[in-house]
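Just so it is clear, the model here is predicted, and its values are computed rather than measured.
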Amino acid sequence: AQMVRQLGHYEIIYLSLKPLDDVSTVQIISSLGQPKLRLELKEGGQALVFPQLGLTAHTLDEDVDLLFVVPQRLLAP
C-alpha cells in the first residue's frame, strides 16, 4: 500500500517481477495455458510469451526467474 501511495501518480508502462519462492514452468503453463511463442535466451533458459496477456515468463532450469508484464491498455491498438 505504501508503494502504491508513493508511485500512484506515475503511469505504469511495465512491471518486472521476480518470484520470492520457486515457481515451476509447469505451474505457469497449467495456469495460463501454452505460450504462443518460446524463445531461447542468451543467458540460458527460455522466454515463454503470452501476448494475449501482455506477459512474458523468463525461465531458468524449469523455474520461473522473471515475469515481465505490460498493462492491457498499452497493448490495444
Side-chain angles (χ1 to χ4, degrees):
Q2 180 182 359
M3 185 167 56
V4 171
R5 284 192 300 275
Q6 291 173 344
L7 301 175
H9 60 283
Y10 291 100
E11 181 179 11
I12 295 174
I13 56 172
Y14 69 87
L15 291 175
S16 183
L17 307 166
K18 281 196 92 52
L20 296 176
D21 296 318
D22 290 343
V23 177
S24 75
T25 302
V26 173
Q27 287 174 284
I28 291 291
I29 291 172
S30 66
S31 295
L32 303 177
Q34 288 295 322
K36 294 288 183 189
L37 182 64
R38 291 176 185 249
L39 301 171
E40 295 298 319
L41 298 173
K42 183 173 71 171
E43 344 31 80
Q46 291 186 328
L48 308 178
V49 182
F50 301 88
Q52 71 280 12
L53 301 173
L55 182 132
T56 302
H58 292 210
T59 66
L60 189 60
D61 299 327
E62 299 303 317
D63 286 326
V64 175
D65 186 51
L66 176 75
L67 292 172
F68 186 83
V69 186
V70 176
Q72 290 287 325
R73 64 181 161 64
L74 297 178
L75 298 174

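- In this view, Q34 and I29, R38 satisfy the side chain to side chain contact (heavy atoms under 4.5 Å, CB included) rule, not counting sequence neighbours.
- Residue pairs satisfying the side chain to side chain donor-acceptor pair (under 3.5 Å) criterion with at least one member in residues 14-27, sequence neighbours excluded, are listed as follows: K18-D65, S24-Q27.
- Clustering ILVMFWY residues whenever any of their side-chain heavy atoms sit less than 4.5 angstrom apart, transitively, puts L48 in the very cluster that holds V23.
- The two atoms that bring G45 and E40 nearest to each other are O-OE1, 3.5 Å, heavy atoms only.
- Put simply, L41 and V69 are part of two different groups of oily side chains (I, L, V, M, F, W, Y) that touch within less than 4.5 Å, one to the next.
- Put simply, L15 and L53 are part of the same group of oily side chains (I, L, V, M, F, W, Y) that touch within less than 4.5 Å, one to the next.
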>> Determine whether V49 and K36 satisfy the following criterion, side chain to side chain contact (heavy atoms under 4.5 Å, CB included), listing intermediate values before the conclusion.
In response: CA-CA 6 Å; V49 182; K36 294 288 183 189; 5.7 Å; no
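- Scanning both residues, A47 and T56, for their nearest heavy atoms gives CB-CG2, 3.9 Å.
- The hydrophobic cluster around V26 extends to none of the other residues, as no ILVMFWY side-chain heavy atom falls under 4.5 Å of it.
- The hydrophobic clustering, which links ILVMFWY residues whose side-chain heavy atoms are closer than 4.5 Å, places F50 and L39 apart.
- The hydrophobic clustering, which links ILVMFWY residues whose side-chain heavy atoms are closer than 4.5 Å, places V70 and L37 apart.
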